[in-house]
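Worksheet for the structure shown next.
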Amino acid sequence: MLRNRPRKEPQIPQGKLSLQGAAEFLGVSRHKVARLVKKGTLKGEKFDLDERVVLFDVTELKHLKGGGTNGSGHRGR
């Protein structure tokens with residue numbers, strides 16, 4: 001009988017966040033982050049050690065959170 005072992009997460013480099021981490025950082029859903037990538041508002045990069053993982057640069061997330069638009073085309077307050 002095979003046992004399901006807990007999946008060992010690869011070590012994410014300093015200054016990067018996973019999709020879930022980026023969503024939590026921005027205070028939005030994972031689906032919203034995926035839509036931001038699709039629109040070109042946010043750039044994700046494949047992680048070399050696990051191609052299923054997309055990483056986001058914390059600096060870019062800070063910029064988007066602090067000075068980006070609120071999605072309607074108007075600057076947030």
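Any value given below was found using the heavy atoms of this structure, including those in side chains, with hydrogens, waters and symmetry copies removed. Just so it is clear, the model here is predicted, and its values are computed rather than measured.
Taking all atoms of both residues into account, the shortest heavy-atom contact from P13 to F47 is CD-CE1, 3.7 Å.
Considering CG of L64 and CG of D57, their distance stands at 12.0 Å, rounded to 0.5 Å. In this structure, CG in L42 is found 11.0 Å from NE2 in H63, a value given to the nearest 0.5 Å.
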List the atom pairs, with distances to 0.1 Å, where a side-chain N or O of residues 14-22 and a protein N or O form a donor-acceptor pair under 3.5 Å, not counting sequence neighbours.
from : atom 1 : to  : atom 2 : distance (Å)
K16  : NZ     : E45 : OE1    : 3.3
S18  : OG     : G21 : N      : 3.1
Q20  : NE2    : E24 : OE2    : 3.0

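A donor-acceptor contact shorter than 3.5 Å links the side chain of K65 to the backbone of F25.
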